[in-house]
Amino acid sequence: MATLVYDFTQGNKDQKALLGGKGANLAEMTRLGLPVPPGFTITTDACREYLRTGTEPAGLADEVTAHLRRLERQMGRRLGDPDDPLLVSVRSGAAFSMPGMMETILDIGLNDRSVYGLAAQRGESEHSAWDSYRRLIEMFGRTVFGVDFDRARPSVDDPRELVASYQKVFREHTGREFPQDPREQLDLAVRAVFESWNSERATLYRRQERIPAHLGTAVNVMAMVFGNLGEDSGTGVAFTRDPATGERGVYGDYLQNAQGEDVVAGIRNTVPLQDLARLDPASYAELLHHMTVLENHYRDLCDIEFTIEHGKLWMLQTRVGKRTAAAAFVIASQLVDEGLIDLDEALARITGAQLAQLMFPAFEIRPGVRAIASGIGASPGAAVGRVAFDSGRATALAAGGDRVILVRRETNPDDLPGMIAAQGVLTSRGGKTSHAAVVARGMGKTCVCGAEELEVDAARRELTVGGRVVREADVLSIDGTSGKVYLGELPVAPSPVVRYFEGERAPATDRLVAAVHRMLTHADTRRRLGVRANADTGTDAARARRFGAEGVGLCRTEHMFLGDRRPLVERLILASDDRERELALAGLLPLQQADFEEIFRAMDGVPVTIRLLDPPLHEFLPSLEELAVKVGVAEALGKDPGSDLALLAAVRRMHEANPMLGLRGVRLGLVVPGLFAMQVRAIVRAAVAHRDAGGDPKAEIMVPLVGAVQELETVRAEAEKLVAELGDGLPVRIGTMIEVPRAALTAGEIAHAADFFSFGTNDLTQMGWGFSRDDVEGAFFSRYLELGIFGMSPFESIDRAGIGRMIRIAVDEGRAARPDLHIGVCGEHGGDPDSVRFFHEAGLDYVSCSPYRVPIARLEAGRAAVAGSASDTR
């Protein structure tokens with residue numbers, strides 16, 4: 001039978017899965033010879049068995065008895081002895097740190113008799129003994145029986161009266177007396193800690209931190225030491241470095257004549273840890289020594305809890321400390337300089353998610369500031385500006401020098417100019433994968449979506465929330481991280497990291513910037529994955545290159561058809577014959593060519609993958625409902641609806657019940673004569689013009705939404721003919737976007753007609769799961785996350801089991817058919833840290849993401865390579 005209980009002398013720090021983080025680290029400190037109160041750990045195996053069956057595992061009681069007897073011998077006291085009692089604490093300890101989420105019970109072993117023995121043992125007034133008894137009744141009652149002690153407050157602060165009052169409340173709530181048997185106290189406390197694993201707050205925390213629910217918690221039973229025995233006693237928390245900035249020094253809090261729970265609860269004001277040097281110089285010097293030992297041993301920032309009992313220092317806990325994103329980078333770099341870790345390990349200790357936090361500005365929230373509404377933080381950052389309710393007004397305000405917040409019920413492609421002009425976007429509908437969210441993230445714009453409290457009335461140019469009216473040109477502040485919306489202007493602190501990427505700040509001028517530069521530089525030397533950017537303009541492409549992009553992995557040509565080009569698109573759609581269609585295409589051709597030339601200049605010498613038109617053409621036309629009303633009103637008033645009548649007929653002709661699964665992508669290119677040919681001509685002419693100007697264009701043409709090899713063969717034949725006619729020997733690669741499940745499953749066939757694949761994971765996820773990303777987040781995603789069906793949205797991080805499997809099939813079969821097939825990804829997942837690691841493991845050649853996520857992808861690609869190397873050597 002497996003061992004269920006381990007003495008602190010038996011374990012080590014590498015046994016966190018079995019002993020929990022706290023137990024493993026207590027064992028490690030004991031092994032290092034540090035002054036740890038003796039005790040033992042009940043394993044996570046025992047917890048899982050208890051949670052599975054509802055009863056203690058066979059043999060657990062006997063093992064606890066054996067270890068308890070050993071502890072009593074070590075301490076020279078017995079649990080509950082009325083003359084000289086041993087007291088113990090019972091604390092949770094999961095494999096992953098979950099501070100404050102589960103239960104702790106102190107002073108187990110006290111009862112109506114042993115409290116007198118404790119007072120005599122301490123050789124002082126009985127106050128502290130009775131106070132310890134009060135703590136036990138309160139913590140035990142709340143944790144084990146759910147007793148509410150808030151009404152047990154006598155008018156005088158006498159611990160004896162408090163104990164009597166607490167016992168009365170306990171009896172009234174439970175129908176029984178407070179347990180006087182110390183072993184019953186211990187056994188009930190252990191069960192309560194087991195059960196706290198599934199408490200509401202612990203469950204919520206695990207979901208937030210993505211900690212697996214099946215792990216369970218260990219339970220640590222430790223001999224009590226007391227910091228509440230007078231002025232020569234106390235308790236504190238220490239950090240070996242500043243967890244906020246990473247700077248070396250003495251950081252922490254100390255509280256005289258107190259127990260550890262007093263520090264955590266914040267019920268008394270602490271003093272800085274440095275004050276301990278004055279209060280107890282010997283303990284302070286010993287503590288600094290132990291801190292150095294632990295940091296050198298763990299080779300990381302350590303978070304330490306300690307107690308001083310009558311001048312004797314005891315180490316109660318250590319763990320690798322939580323830290324801010326800034327501190328994570330600074331500490332990793334410092335530890336390399338100190339020779340404690342190498343650059344590979346430093347890279348493994350930081351994350352792309354932390355880098356993302358450092359790249360966005362943040363509000364400085366002052367006391368008393370309250371949000372007027374909350375939504376979904378869809379694109380991080382802090383944005384302040386005057387409210388504009390449509391794209392035209394946003395553009396006009398920005399042109400006049402104002403910062404703008406574009407406020408809409410929801411956005412559509414027509415809003416793009418306003419989104420570009422705005423500092424941030426706020427919508428009352430939609431989620432993290434809505435149009436507003438996806439486009440804002442791509443542009444590095446702050447975005448809050450789905451703020452349902454807002455009633456947006458674009459016609460009246462106002463929004464209302466909680467009885468408050470916000471009108472156009474009023475100022476709002478939106479927080480794309482928290483999803484909060486504030487009235488008026490909040491102060492914003494700019495990100496020094498983004499200023500570094502933009503070339504405004506040299507690495508040597510700031511410790512944090514220097515650490516980020518160092519880690520990214522090393523990531524670039526280690527990564528196998530290339531990193532490109534999704535960029536639709538020369539400005540975006542230039543920014544992406546400054547951020548370290550090695551090309552454009554996705555240029556969405558549909559974004560070039562908006563604004564003042566919209567009439568040409570409408571002419572194309574409404575063309576009644578070939579001549580009208582050719583005239584519209586001829587008008588678009590030079591505009592598209594100029595766009596591509598600008599991007600080729602910004603990305604000289606590196607690949608630029610240009611996707612031919614993907615969305616259905618109806619997206620470039622007015623809403624069917626709005627246009628029908630407009631025409632109907634005109635006719636009712638006896639007015640001539642003019643061109644609106646023909647436009648309405650065209651919109652009706654093109655209307656589809658589900659346009660995202662209808663006439664779009666390659667289907668559109670095959671049905672609308674000359675459309676793709678015009679785009680290919682523009683690409684080739686732009687590349688030739690750039691080459692003739694002395695540049696080195698590397699053009700790639702991507703055909704979207706292919707589901708059958710015959711579709712790609714047809715488009716490729718026409719494109720190759722145009723390249724041969726216009727390119728004068730220009731090499732142009734032609735490939736496809738794998739975004740239809742059938743394409744992934746027939747990749748071996750499609751590869752014969754493709755020079756490259758690029759996975760469009762947004763649509764692949766949408767079609768693979770069978771739901772619309774524009775509809776489902778607000779409808780049921782939150783419920784799925786609550787139920788644990790989703791660990792997180794499959795549009796945020798790749799679904800490895802389902803969508804990921806299709807990607808692996810496509811990679812394997814595509815390369816089997818064509819070994820030199822180049823493969824990348826250009827969906828939203830290309831900038832997600834967890835997804836980048838998957839793409840590395842799946843054997844892709846590159847990822848592509850928005851310019852602002854390029855550094856994150858670079859870092860994660862390097863971390864994935866380091867993790868792969870480490871696993872190869874094990």
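All of these numbers come straight from a predicted model, not from anything done at the bench.
Under 4.0 Å is where a charged nitrogen must lie from a carboxylate oxygen, and between E828 and R853 no such pair does. Salt bridge E138/R135: absent, no basic N to carboxylate O contact under 4.0 Å. With respect to the salt-bridge test (charged N to carboxylate O, under 4.0 angstrom), the residues R543 and E502 qualify. Look at R319 and D303 and you find a salt bridge, because one of the NZ, NE, NH1 or NH2 atoms lies within 4.0 Å of a carboxylate O, short of that distance. A salt bridge between R863 and E860 is present, with a side-chain N of the basic residue lying under 4.0 Å from a carboxylate O of the acidic one. For the pair D275 and R278, the salt-bridge criterion is met [side-chain N within less than 4.0 Å of a carboxylate O].
Between the side chains of T245 and D242, at least one donor N or O lies within less than 3.5 Å of an accepting N or O. Side-chain N/O atoms of T43 and D45 include no donor and acceptor closer than 3.5 Å.
Taking OG of S132 as the reference point, atom CG of N228 lies at 4.5 Å (rounded to 0.5 Å). Here the CG-CG distance, from N12 to L32, works out to 10.5 Å after rounding to the nearest 0.5 Å.
Between the T217 side chain and the G93 main chain, a donor and an acceptor come within less than 3.5 Å of each other.
Between P38 and F8, the closest side-chain pair of non-hydrogen atoms is not below 4.5 Å. Between I308 and D280, some side-chain heavy-atom pair lies under the 4.5 Å cut-off. The side-chain heavy atoms of W197 and L215, taken from C-beta on, include a pair separated by under 4.5 Å.
With sequence neighbours excluded, no residue forms a side-chain hydrogen bond (donor to acceptor under 3.5 Å, both in side chains) with H840. For Y500, the ring pair (Phe, Tyr, Trp, His ring centres under 6.0 Å) partners two or more places apart in sequence, or in a different chain, are H517. When the ring pair (Phe, Tyr, Trp, His ring centres under 6.0 Å) test is applied to F239, no partner is found at least two apart in sequence or on another chain. With sequence neighbours excluded, no residue satisfies ring pair (Phe, Tyr, Trp, His ring centres under 6.0 Å) with H522. Here T240 pairs with E295 under the side-chain hydrogen bond (donor to acceptor under 3.5 Å, both in side chains) rule; sequence neighbours left out. Under the rule for a side chain to side chain contact (heavy atoms under 4.5 Å, CB included), A514 has no partner lying at least two apart in sequence or in another chain. When the ring pair (Phe, Tyr, Trp, His ring centres under 6.0 Å) test is applied to Y6, no partner is found at least two apart in sequence or on another chain. Among residues two or more places apart in sequence or in another chain, the side-chain hydrogen bond (donor to acceptor under 3.5 Å, both in side chains) test is passed with D832 by S797, S835. Every residue meeting the side chain to side chain contact (heavy atoms under 4.5 Å, CB included) condition with T307, not counting sequence neighbours, appears here in chain and number order: V225, T235, L316. The side-chain hydrogen bond (donor to acceptor under 3.5 Å, both in side chains) test applied to D300 returns R323, R349, not counting sequence neighbours.
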Kindly list each side-chain donor-acceptor pair under 3.5 angstrom involving residues 335-342, sequence neighbours excluded, with atom names and distances?
unit_1: D337; atom_1: OD1; unit_2: R518; atom_2: NH1; d: 2.9
unit_1: D337; atom_1: OD1; unit_2: R518; atom_2: NH2; d: 3.1
unit_1: E338; atom_1: OE1; unit_2: R241; atom_2: NH2; d: 2.6
unit_1: E338; atom_1: OE2; unit_2: R241; atom_2: NH1; d: 3.1
unit_1: E338; atom_1: OE2; unit_2: R241; atom_2: NH2; d: 3.2
unit_1: D342; atom_1: OD1; unit_2: D344; atom_2: N; d: 3.2
unit_1: D342; atom_1: OD1; unit_2: E345; atom_2: N; d: 2.9

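The list of side-chain hydrogen bond (donor to acceptor under 3.5 Å, both in side chains) pairs with a residue in residues 359-368, not counting sequence neighbours, is empty.
Shortest non-hydrogen contact noted between M519 and F329 is CG-CD2, 3.9 Å.
Looking at K13, Q317, Q15 one by one, the single match for side-chain contact (heavy atoms from CB on, under 4.5 Å) with N25 turns out to be K13.
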